[in-house]
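Encoded as structure tokens, the structure appears first; notes follow it.
Excluded from the calculations below are hydrogen atoms, water molecules and symmetry mates; all remaining heavy atoms, backbone and side chain alike, are included.
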Amino acid sequence: MIGTSESREIVDWRKTTDDGQSVYVIEYSEPVPEPTGRSKTLFGAGSGGTVPAGEQYFEMPDGTRIPATEAAFDADGTTLRVRRERSVVDRLRRYLPW
């Protein structure tokens, strides 16, 4: 689960909409840093192997998975806001005929 650790737990969370886009607002029991790079605490337990970037994801409290390459964060004390920002290539594919 995103942002949890041995000492940090999710206290409360809610899913809101901002400009038509889903945003998760997650409250933790202690201050949370803005996620950066690959961390086993963010991606869950692993067997020690490397996971290709296209297969990495963040799991939200409701079970939704956001690809790590499309996640945007804003951390403020014990609050973490997470939203999905599709890549420019994905947005263009919706409009191109091929």
Margin query: Taking side chain to side chain donor-acceptor pair (under 3.5 Å) as the definition, give me every residue that meets it alongside Arg14, ordered by chain and number, with sequence neighbours left out.
Written below: none

Checklist line | Pairing residues for Thr78 by the side chain to side chain contact (heavy atoms under 4.5 Å, CB included) criterion, not counting sequence neighbours | finding: Glu27, Pro31

Item checked: Under the side chain to side chain contact (heavy atoms under 4.5 Å, CB included) test, residues paired with Ser7 that sit two or more places apart -> Ser5, Glu30

Note to self: I need the minimum non-hydrogen distance between Glu85 and Ala72, along with the two atoms involved.
What the structure shows: CD-CB, 3.8 Å

Notebook entry, point to check: What pairs with Asp18 under salt bridge (charged side-chain N to carboxylate O under 4.0 Å, His left out), at least two apart in sequence or on another chain?
Noted result: Arg81

Checklist line | Polar contact flag, side-chain donor to acceptor under 3.5 angstrom, Tyr24-Thr16 | finding: no

Checklist line | Any donor-acceptor pair under 3.5 Å from Asp62 side chain to Thr64 backbone | finding: yes

Next item on the list: Before giving the answer on side-chain contact (heavy atoms from CB on, under 4.5 Å), spell out for Val82 and Phe58 the whole-Å C-alpha distance, their side-chain angles and the decisive distance to 0.1 Å.
Entry: CA-CA 10 Å; Val82 184; Phe58 292 99; 5.7 Å; no

Item checked: Closest heavy-atom pair and its distance - Pro33, Ala75 -> C-CB, 4.1 Å

Check: Taking only residues two or more places apart in sequence, or in another chain, which ones meet Val11 in a side chain to side chain contact (heavy atoms under 4.5 Å, CB included)?
Finding: Ser29

Notebook entry, point to check: Are the side chains of Pro67 and Arg84 in touch, meaning some heavy atoms are under 4.5 Å apart?
Noted result: yes

Note to self: I need the Tyr57 OH to Ile66 CD1 distance, nearest 0.5 Å.
What the structure shows: 12.5 Å

Check: In the hydrophobic clustering (ILVMFWY, side-chain contacts below 4.5 Å, transitive), which residues join Val25, or is it alone?
Finding: Val23

Next item on the list: To the nearest 0.5 Å, tell me how far Asp12 CG sits from Ile10 CD1.
Entry: 10.0 Å

